[in-house]
Amino acid sequence: MSAKTRTPGPIGIFDSGVGGLTVMRAIRKLLPGEDLVYLGDTARTPYGSKAGETVVRFTRECVSHLRQYRIKALVVACNTASAYTLPMLHRSFKIPILGVIQPGGQAALEKANSGPIGVIGTQATIRSQAYPVTIRKIKPQAVVYSQACPLLVPLVEEGWLNGPIPLSVIKTYLAPMLRKNIRSLILGCTHYPALKPALRKVCGRRVQIIDSAEEVAKALRSVLEAKGLLKPGSRRGRQVFLVSDVPAQFVRVGATLWGRKLEQVKRVSL
Ligand code: DGL
């Protein structure tokens, strides 16, 4: 797959770094024939501690780069970028564009069974109020508790996914919302699915954990179907991974999130 590829183009998937691979993995599972091109802005990650306007600027540059691949649709596989950039992206690029917040919010409402909903994410995502606003647009009386968890991304990046330290950090962050008896918990950051076993231990069985990756993949399939953009034929899809910094850390951490060794990783300048 090269930047000169002619139609049908690949699906572009964008994240601030490595976390969006959890979304790409769900897309690959549901749409095995599609060509995928992933861009992780590893030179400038994390986005979660940055100002909204910085996230908008970085995202615009990344999506412009992905457009060189003639992408037929874009998935913003980053909660922070989804929280701040979707209106700008819809105005600027005339292809189907999906974020992770709407599908995750919808699934949380369905699974919460009218009970309170918890949302965890980066500081920027929580500050944006994107989840409570989206959920209350669907169900105005929904009760939503939010918590920024800035230590969780570094834990995933270091591969500390279980054991006393991640468990104690997660317990401290979740204690207030667990006392409010939340019924579903949205993993509002694409790194967090890697911590699912530890989160499950802390939450117990009563809380439904919502990983928006699968919901996004389903929403993407519906949009491509509706627009006649699904790739015909039975050939297995290809994938390339683009990063904006040296690939070593991306390759190391990404293997856990993608589920196997990452091949075809290329460094690009934005
Ligand atoms: N991928 C980001 C998200 O889902 C987390 C990492 C970051 O802060 O850039 O919000």
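All values derive from a computational prediction rather than experimental measurement. Both ligands and their constituent atoms are indexed starting at 1 by order of listing.
- Annotation: side chain to side chain donor-acceptor pair (under 3.5 Å) contacts of Lys72 (sequence neighbours excluded): Glu34.
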- Task: Apply side-chain contact (heavy atoms from CB on, under 4.5 Å) to the pair Leu74 and Leu98, showing each step before the final yes or no.
- Result: CA-CA 6 Å; Leu74 171 72; Leu98 284 90; over 6 Å; no

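- In this structure, Trp258 and Phe241 have perpendicular ring planes: the angle between them is above 60°, well past the 30° mark.
- A distance limit of 4.0 angstrom between heavy atoms and ligand 1 selects the residues Asp15, Ser16, Thr45, Pro46, Tyr47, Gly48, Cys78, Asn79, Thr80, Thr122, Cys189, Thr190, His191.
- Side-chain contact of Ser114 with Lys139: a donor-acceptor pair under 3.5 Å is present, judged by distance alone.
- A side-chain N or O of Thr125 and one of Thr80 form a donor-acceptor pair less than 3.5 Å apart.
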- Item | Working for side-chain hydrogen bond (donor to acceptor under 3.5 Å, both in side chains), residues Gln264 and Gln239 | CA-CA 8 Å; Gln264 302 262 20; Gln239 58 268 327; over 6 Å; no

